[in-house]
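Keep in mind that this is a model prediction, so the values were computed, not measured. Naming: A, B, ... by sequence-line order, numbering from 1 per chain.
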Amino acid sequence: MDATEIGLWGVPLAILGGAIRVSTPFIFVSLGEAITERSGRINLGLEGTLVFGAMTAYAVAVMTGSPWLGLLAAAFAGLCFGLFHGWICKFPRVNDIAIGIALMLFGSGLAFFFGKPFIKPKAPNLPAIPFGGWSDIPQVQAALDVNVLFLIGAVLSVILWWAFRNTRAGLIVRVVGDSSDAARAMGLNPDTVRLLATGVGGALAGIGGAYLSLYYPGSWTERISSGQGLMAVALVIFARWNPLGCFAAALLFGGAGALGPALQSVGVTQGYYLFYAAPYILTLIIMIATSSPTRSLAGAPGELSITK
Amino acid sequence: MSGRKAVGVETIGMTMRFGGFTALDAVSVKVPAGSFHALLGENGAGKSTLVKCMMGFYHPTSGDMLVDGREVSIASPRDASALGLGMVYQHFTLVPSLTGAENLVISREKVPDIIDWRKERGDLAEFMERMPFKLPLDVKVAELAAGEKQKLEIIKQLYLGRSFLVLDEPTSVLTPGEAQEVLGLVRDMTRAGDLTVLMISHKFHEVTAFADDVSVLRKGKLTGTGRVADLDHKAMAAMMIGDQPIAALDSRAAPRPDAEIVLKVKSLKAPDRTGLKSIRIEDLGVRSGEIVGIAGISGNGQKEFLEVLAGQRPRDAGEVVVRGAAYAATRAKARALNVRLIPEEPLKNACAPKMTVAENISFRTFDMDGNGRPVSWISTSAIRAFSARLVEQFKVKTASLSSPIASLSGGNVQRVVLARELTGEVDLLIVSNPCFGLDFSAVAEIRARIMKARNAGAAVLLMSEDLDELLELSDRIFVMSDGALVYETPIAQASVQTIGEHMAGHH
């Protein structure tokens with residue numbers, strides 16, 4: 001069988017493959033943001049963290065030859081960004097959203113500054129597992145070439161979902177996110193918990209960035225993220241702060257993002273570029289559909305500045 | 001509960017100074033093991049300061065604490081809990097989005113990293129067996145009724161092994177029935193010797209019904225203490241407020257049954273806060289010269305009803321008619337029909353907190369000249385003259401007319417709002433919880449002002465969570481439950497028992 005024979009079947013297949021490929025950074029950023037927001041804080045700076053993570057991972061991978069060291073470095077850089085955000089926000093009268101926007105620009109700017117020398121060299125990629133080996137159709141093989149990070153992300157979302165109910169750390173994060181007063185009455189320091197939650201969120205966003213530069217698209221450019229970090233924030237709200245929901249929503253966004261290239265590949269030559277905008281349009285539609293002028297969001301952490 | 005027996009607690013010469021201000025002046029209170037002790041006092045009398053010193057939130061300037069006769073030093077709330085001292089706050093400290101079981105387990109001193117819910121559930125069930133209350137522990141706290149939350153707060157303290165409890169106005173959010181039940185159960189536990197209770201309150205009837213002893217604070221000093229059985233309400237009130245004069249209610253003018261119906265609400269329907277349910281007001285009329293009270297536990301749609309009347313919430317259906325004209329709550333309509341509004345939490349709902357007292361007091365009139373015609377150039381001197389007159393007349397205590405209104409005390413903020421809303425002709429006055437959180441003398445004065453407006457011919461719709469206030473002021477009382485008016489009684493036939501049952505939705 002050759003490529004043309006599967007015809008229009010290529011579209012859903014490409015969307016599936018795209019969903020798996022494109023969704024991974026969404027998964028990590030949104031899981032990170034879910035942890036941060038569950039603790040009662042919003043970190044809009046994850047877009048900057050994502051870009052900086054992508055640059056760090058690429059640079060370290062180029063220099064050491066190991067994509068895994070790059071990944072670790074990206075996570076560490078993300079952690080630092082998250083802790084920085086958390087540390088600034090603990091001061092009174094500091095607005096987490098404003099700080100987030102500042103850090104978003106700071107992170108991207110810093111990444112471009114340090115990343116200039118790494119635009120040319122080629123870094124080793126993160127490995128993928130070929131789940132499509134049973135089939136000899138190249139499209140099927142391409143679609144089922146699944147990166148390990150996607151699998152880690154899937155497992156992580158289940159673990160987080162479980163941990164929010166069954167571990168001390170998970171319950172503490174929920175307590176702090178829902179009521180600072182209650183947390184203080186229990187002898188917890190909300191600022192410390194939020195600092196750590198923002199740090200972990202940043203580390204996960206850094207990993208998301210590493211995926212961008214080390215697997216898909218797989219190189220470091222200044223246009224590497226097209227707002228994934230920001231959309232992941234919207235996605236967390238859409239997923240109602242539920243890690244499993246984040247995973248599903250990330251797949252949905254990934255699939256929408258793959259719509260344009262998929263249509264192009266089967267020979268739709270007109271208007272396909274409109275479908276490149278699908279994830280953005282989907283974001284808008286979701287935000288409008290899930291908003292209401294009269295009630296606040298169900299399931300929103302009580303201490304979140306946007307829902308208070 | 002580790003089967004720990006009740007402990008006795010005593011303070012000796014407890015003094016707390018904040019800078020030059022003495023919040024607590026050598027207060028010695030003795031609460032023997034297994035007793036139910038009431039702490040009475042007005043707002044600002046030092047009750048919370050005393051309790052916070054005892055619980056380790058504050059470090060007293062001087063004074064000692066004895067627990068079971070031994071001197072102890074309590075540097076932090078953690079020390080207090082190690083000694084078995086716990087506190088139930090006026091506002092809930094439970095985490096709304098967690099279930100009861102999650103709330104209990106996470107508040108424990110030592111929580112395992114991974115929680116074995118099967119084991120915890122077993123332990124909790126066993127613990128609940130020994131408790132006098134029954135509670136669903138698997139639903140989110142947000143879904144519990146106020147009474148259930150209050151019980152869960154108490155249970156939490158017992159679960160944590162506390163055997164001396166401070167209850168801070170524990171019944172302020174409960175129906176009379178729930179209050180009876182909760183306090184009754186707590187008293188039974190003190191009788192059995194499992195618990196010692198120090199209850200902050202300003203409801204005399206609760207103190208008389210449940211407490212063994214009472215201590216009274218005024219302006220940071222202990223003004224009296226003794227067996228409840230030996231004291232009557234009058235004696236306690238005298239200790240509490242001293243000899244300051246209390247504004248008397250304007251004697252009630254007889255209502256005229258044929259007076260004009262000023263406010264008419266018909267088949268009103270509006271979505272409630274959650275958007276899942278709606279409030280429905282079938283038929284409500286308020287006549288000139290009467291106060292119609294609406295009782296109900298908070299969260300039964302009173303707030304939404306008020307918001308509809310105030311124009312803050314859209315309505316799905318129905319009509320609101322004021323003096324025969326449809327009322328849409330616009331500024332022009334409110335002005336033409338003399339509709340005035342005193343919402344609850346006035347600083348939040350009726351003021352611009354950072355604007356000055358003078359500006360806030362002139363919100364209704366700043367854009368009009370003396371003859372009620374609109375002006376395009378605002379005269380600050382006219383605003384100042386107008387507000388100076390009202391501040392004087394309503395005895396508002398403020399540093400200056402240009403202080404931000406947020407810097408005033410709660411009672412004075414409410415006086416500013418009253419001054420604004422009650423000046424000029426008032427045909428319809430809509431009031432909600434006007435005295436919540438205010439001290440004795442402010443309460444008496446505010447109620448007197450409302451009564452005066454009624455006697456002057458205003459139709460007054462009064463929503464309140466304080467049943468005593470409604471019984472004192474209203475000519476008729478409605479009960480609102482689950483978004484609808486479910487019961488009506490003229491004041492002469494009103495019974496707290498029946499009203500309480502309707503509030504709880506038992507009909």
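- For A:Trp87, the CH2 atom is loosely surrounded, since the number of other residues' heavy atoms within 6.0 Å does not exceed 12.
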Contacts under 3.5 angstrom, residues 185-205 of chain A side chains, donor-acceptor by atom type, not counting sequence neighbours:
{"from": "A:Asn189", "atom 1": "OD1", "to": "A:Asp191", "atom 2": "N", "distance (Å)": "3.0"}
{"from": "A:Asn189", "atom 1": "ND2", "to": "A:Thr192", "atom 2": "OG1", "distance (Å)": "3.2"}
{"from": "A:Arg194", "atom 1": "NE", "to": "A:Ser39", "atom 2": "O", "distance (Å)": "2.6"}
{"from": "A:Arg194", "atom 1": "NH2", "to": "A:Val176", "atom 2": "O", "distance (Å)": "3.0"}
{"from": "A:Arg194", "atom 1": "NH2", "to": "A:Ser180", "atom 2": "OG", "distance (Å)": "3.0"}
{"from": "A:Thr198", "atom 1": "OG1", "to": "A:Arg194", "atom 2": "O", "distance (Å)": "2.5"}

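- Residues passing the salt bridge (charged side-chain N to carboxylate O under 4.0 Å, His left out) test with B:Lys110: none are found, sequence neighbours excluded.
- Partners of B:Lys52 according to the salt bridge (charged side-chain N to carboxylate O under 4.0 Å, His left out) rule, which considers only residues two or more places apart in sequence or in another chain, do not exist here.
- Each of B:Asp113, B:Asn103, B:Val105 has some count of heavy-atom pairs under 4.5 Å with chain A, and the biggest count is that of B:Asp113.
- The distance from the CZ atom of A:Phe164 to the CG atom of B:Leu98 is 11.5 Å, given to the nearest 0.5 Å.
- Between the side chain of A:Asp178 and the main chain of B:Val95, no donor-acceptor pair closer than 3.5 Å is present.
- More than 12 non-hydrogen atoms from other residues, nucleotides or ligands lie less than 6.0 angstrom from OH of B:Tyr89.
- With a 4.5 angstrom heavy-atom cutoff, B:Pro77 does not touch chain A via any of its atoms.
- Of residues 165-173 of chain A, those residues with a non-hydrogen atom less than 4.5 Å from any non-hydrogen atom of chain B are, in numerical order, A:Arg165, A:Asn166, A:Thr167, A:Arg168, A:Leu171, A:Ile172.
- To the nearest 0.5 angstrom, A:Arg184 atom CZ is 13.0 Å from B:Thr93 atom OG1.
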